[in-house]
Amino acid sequence: MSPDGKDELLQVPVSAPIGVGSPAVDTFELSIDPGSLLLMCTDGLVETREEDIEQGLSAVRRSLTTPRLSLEEACDALLARQHPGGRHDDAAVLMARLHGVPHGRIATWPRPQRPEQVRIARGSRE
């Protein structure tokens, strides 16, 4: 969601969860306005037996248009709305306010696309 309140559902490449299946994970780049809100979640937040994923995504998008809350308050309010009465499912939510990183502060360490590279990268001190 941009700082002016416009929300957008990102169309991200579909891949297996990190650490499961194929080691290749597709990436993409996007431009954001400083102060934008990024919300990532598992389907447990937006899909139930009673409601399909599109209804759940619409409900989440509507809930993010509320007045600015702290990230913790926004996550708590979102979980309360999506899981009323303490209904539980395996849901993970990550919410971040993005302010950008200057190009001079970005570093990359390209690795060959092989499964053993995860172990090597984790132990790397480059």
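One is the number of the first residue; the rest follow in order along the sequence.
In terms of hydrophobic clustering, with Ile, Leu, Val, Met, Phe, Trp and Tyr side chains grouped at heavy-atom distances under 4.5 Å, Val12 and Leu57 are assigned to different clusters. Note: the hydrophobic cluster containing Val46 does not contain Leu38 (ILVMFWY, side chain heavy atoms under 4.5 Å, direct or indirect links). Connection of Leu9 to Leu37 is established within a shared hydrophobic cluster, with ILVMFWY side chains joined at heavy-atom distances below 4.5 Å, either directly or through further cluster members. Hydrophobic clustering of Ile, Leu, Val, Met, Phe, Trp and Tyr side chains at less than 4.5 Å, counting indirect connections, unites Leu98 with Met40. Leu10 and Met95 end up in different hydrophobic clusters when Ile, Leu, Val, Met, Phe, Trp and Tyr side chains are linked at under 4.5 Å.
Looking at Ser36 and Pro3, their side chains come closer than 4.5 Å, going by heavy atoms from C-beta outward. A 4.5 Å side-chain heavy-atom check between Arg105 and Pro102 finds at least one atom pair inside the cut-off.
Taking all atoms of both residues into account, the shortest heavy-atom contact from Pro112 to Gln117 is O-CG, 3.0 Å. Contact between Leu45 and Gln82 at its shortest, heavy atoms only, is O-NE2, 3.2 Å. Nearest approach of Ser63 to Arg81, heavy atoms of both residues: CB-NH1, 2.9 Å.
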Residues 69-79 side chain polar contacts: donor-acceptor under 3.5 Å, at least two apart:
| unit_1 | atom_1 | unit_2 | atom_2 | d |
| --- | --- | --- | --- | --- |
| Ser70 | OG | Glu73 | N | 3.0 |
| Ser70 | OG | Glu73 | OE1 | 3.3 |
| Glu73 | OE1 | Ser70 | N | 3.0 |

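In this structure, CG in Leu39 is found 9.5 Å from CE in Met1, a value given to the nearest 0.5 Å.
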